Asker: 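This is the structure I have questions about; it appears just below.
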Amino acid sequence: MDPKDGAHNGNVDELLDSDEVEKSKVGIMRARVEREDPSAKDVDNLMLRRFLRARELDIDKASNMFLKYLNWRRTFVPNGFISESEITKNIEHNKLFMQGRDKLGRPIVFVYAARHLPTTVEEVKRYVVYTLDKIISRMPSGQEKYITLTDVEGWGYANTDIRGALAALSILQDCYPERLGKMFIINAPYIFMAMWKVIYPFIDSKTKKKIVFVEKKKQLSTLLEEIDESQLPEIFGGKLKLVPIQEA
């Protein structure tokens with residue numbers, strides 16, 4: 001199951017910040033998915049709410065999405081986690097880091113995109129699950145989202161990986177909905193934008209609204225609107241050292 005999503009307590013009391021409509025729909029959705037897949041009893045109401053919100057509170061669509069997720073998780077992560085031995089090439093790239101929190105308390109993930117080199121699509125998928133599970137496990141109580149700073153400086157043809165990017169996007173949107181809070185893309189060169197045009201149509205509308213391309217001259221001021229200087233990595237003039245995701 002999604003880390004930090006433990007067994008529910010039989011009601012929707014934990015959805016204290018939800019409105020009554022959401023609470024009611026979570027209850028209806030729970031009854032439906034538990035009837036279809038008894039393992040749904042092991043997840044909390046916050047998780048069901050994320051799937052509901054990803055489908056604009058449409059119970060049928062959210063339930064179908066969630067049931068597909070449960071089946072995928074059993075198949076793709078049969079041991080409950082991805083081990084580092086399954087993603088050795090991607091870890092060697094040393095491209096993803098965690099440090100600090102933004103002003104809303106969301107963990108900050110930093111990505112050196114130009115360190116990515118294509119591997120098999122299956123390893124990319126495993127790496128995405130590994131990193132998302134790691135990020136979620138480090139979230140403070142009551143927090144459901146994270147933000148990403150993606151530095152694309154130095155990106156070239158060797159880094160271009162359309163199949164890997166689409167596979168990663170599919171997992172993020174279909175299996176970890178409503179987890180991404182915001183993504184800042186920094187120092188994007190022309191060649192990256194060419195790949196971006198291919199991927200963009202596959203990004204759902206909710207995710208598109210969370211993606212911000214940052215102008216070089218406004219980089220620090222833009223980031224400081226969301227992140228205190230003490231929580232920014234040193235490379236952006238902040239105070240924190242980057243911590244590789246596998247060491248976080």
Side-chain angles (χ1 to χ4, degrees), residues 1-6 14 17 43-44 46-54 69 73 77 81-82 87 90-91 93-113 115-116 124-152 165 167-186 199 203-214 219 222-236 238-248:
M1 295 302 159
D2 195 351
K4 303 279 279 191
D5 286 312
E14 66 262 46
D17 59 343
V43 305
D44 66 18
L46 295 175
M47 186 177 193
L48 296 183
R49 186 178 67 176
R50 288 194 294 274
F51 278 82
L52 262 176
R53 287 179 172 178
Y69 159 77
R73 185 86 190 183
V77 197
F81 66 94
I82 300 294
I87 51 172
N90 276 274
I91 284 182
H93 296 160
N94 204 32
K95 59 194 172 188
L96 201 147
F97 303 80
M98 273 188 74
Q99 82 299 305
R101 296 176 185 171
D102 74 352
K103 293 178 180 179
L104 297 177
R106 299 176 295 190
I108 300 170
V109 180
F110 181 80
V111 183
Y112 274 119
R115 294 184 181 180
H116 172 75
V124 170
K125 289 179 180 178
R126 290 194 296 269
Y127 183 68
V128 170
V129 172
Y130 170 86
T131 56
L132 287 170
D133 284 355
K134 177 81 81 165
I135 293 164
I136 292 166
S137 73
R138 297 297 183 270
M139 285 181 177
S141 178
Q143 184 55 256
E144 297 183 75
K145 298 178 184 289
Y146 67 95
I147 72 168
T148 300
L149 308 182
T150 302
D151 190 344
V152 201
L169 180 65
S170 176
I171 290 175
L172 176 65
Q173 294 183 160
D174 299 337
C175 303
Y176 295 81
E178 295 297 300
R179 282 299 194 182
L180 177 65
K182 185 169 284 189
M183 176 185 288
F184 293 99
I185 298 180
I186 301 159
I199 295 170
I203 304 175
D204 66 38
S205 58
K206 278 181 169 283
T207 304
K208 285 176 180 174
K209 294 175 182 176
K210 300 172 183 177
I211 300 171
V212 178
F213 279 85
V214 183
Q219 185 171 289
T222 300
L223 296 179
L224 286 175
E225 289 177 7
E226 307 268 351
I227 306 166
D228 188 83
E229 185 180 359
S230 67
Q231 299 296 299
L232 273 175
E234 292 176 328
I235 57 171
F236 293 118
K239 312 276 187 192
L240 298 182
K241 294 185 181 296
L242 292 173
V243 179
I245 187 72
Q246 63 270 22
E247 297 174 16

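Treat the numbers as computed from the prediction; the structure is a model and nothing was measured.
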Asker: Quick check against the 3.5 Å criterion: does R53 have a side-chain atom that pairs as donor or acceptor with the backbone of E178?
Answerer: no
Asker: Going from CD1 on I147 to CD1 on I135, what distance comes out if it is rounded to the nearest 0.5 angstrom?
Answerer: 11.5 Å
Asker: Roughly how far apart are I91 CD1 and I87 CD1, rounded to 0.5 Å?
Answerer: 4.0 Å
Asker: Any donor and acceptor pair, going by atom type alone, linking the side chain of Q231 with main-chain N or O of K103 inside 3.5 Å?
Answerer: no
Asker: Quick one: closest heavy-atom pair of I186 and Q219, and the distance?
Answerer: CG2-OE1, 2.7 Å
Asker: Testing the basics here: between A113 and V152, what is the closest heavy-atom pair and its distance to 0.1 Å?
Answerer: CB-CA, 4.2 Å
Asker: Strictly distance-based, threshold 3.5 Å: is any side-chain N or O of S137 a donor or acceptor partner for the main-chain N or O of K134?
Answerer: yes
Asker: Can you measure from OH (Y69) to OH (Y176) and round to the nearest 0.5 angstrom?
Answerer: 6.0 Å
Asker: Any idea which heavy atoms bring F51 and C175 closest together, and the distance?
Answerer: CZ-O, 4.0 Å
Asker: Let me confirm one number: the CD1-CG distance from I235 to L240, rounded to the nearest 0.5 Å.
Answerer: 11.5 Å
Asker: Which heavy-atom pair separates F97 from R115 by the least distance, and what is that distance?
Answerer: CZ-NH1, 3.6 Å
Asker: For residues L96 and Q246, determine if any side-chain heavy atom of one lies less than 4.5 Å from a side-chain heavy atom of the other.
Answerer: no
Asker: Contact between K239 and E234 at the side-chain level, heavy atoms closer than 4.5 Å - yes or no?
Answerer: no
Asker: Identify the heavy atoms of Q173 and D204 that sit nearest to each other, and give their distance.
Answerer: OE1-N, 2.9 Å
Asker: Does a side-chain N-to-carboxylate-O contact under 4.0 Å join D102 and K145?
Answerer: no
Asker: If you compare all heavy atoms of D133 against all heavy atoms of R73, which two are closest, and at what distance to 0.1 Å?
Answerer: OD2-NH2, 2.8 Å
Asker: May I ask you to test the Y127-K95 pair for a side-chain heavy-atom distance under 4.5 Å?
Answerer: yes
Asker: Flag the pair M98 / V243 as yes when at least one side-chain heavy-atom distance between them is below 4.5 Å, and no otherwise.
Answerer: no
Asker: More than 12 heavy atoms of other residues, nucleotides or ligands under 6.0 Å from NZ of K208: yes or no?
Answerer: yes
Asker: Does any part of the side chain of E144, heavy atoms only, come nearer than 4.5 Å to the side chain of L46, both counted from C-beta?
Answerer: yes
Asker: Do the side chain of R106 and the main chain of R101 share a donor and acceptor less than 3.5 angstrom apart?
Answerer: no
Asker: Looking at side-chain heavy atoms only, is the closest gap between P140 and P107 below 4.5 Å?
Answerer: yes
Asker: Just verifying a value: how many Å separate E226 CD and K182 NZ, rounded to the nearest 0.5 Å?
Answerer: 3.5 Å
Asker: Any idea how Y112 and F110 line up, ring-wise: parallel (<30°), tilted (30 to 60°), or perpendicular (>60°)?
Answerer: perpendicular
Asker: Kindly compute the distance separating CD1 (I185) from CG (L149), expressed to the nearest 0.5 Å.
Answerer: 11.0 Å
Asker: Check whether any side-chain heavy atom of L180 lies under 4.5 Å from a side-chain heavy atom of Y146, and answer yes or no.
Answerer: yes
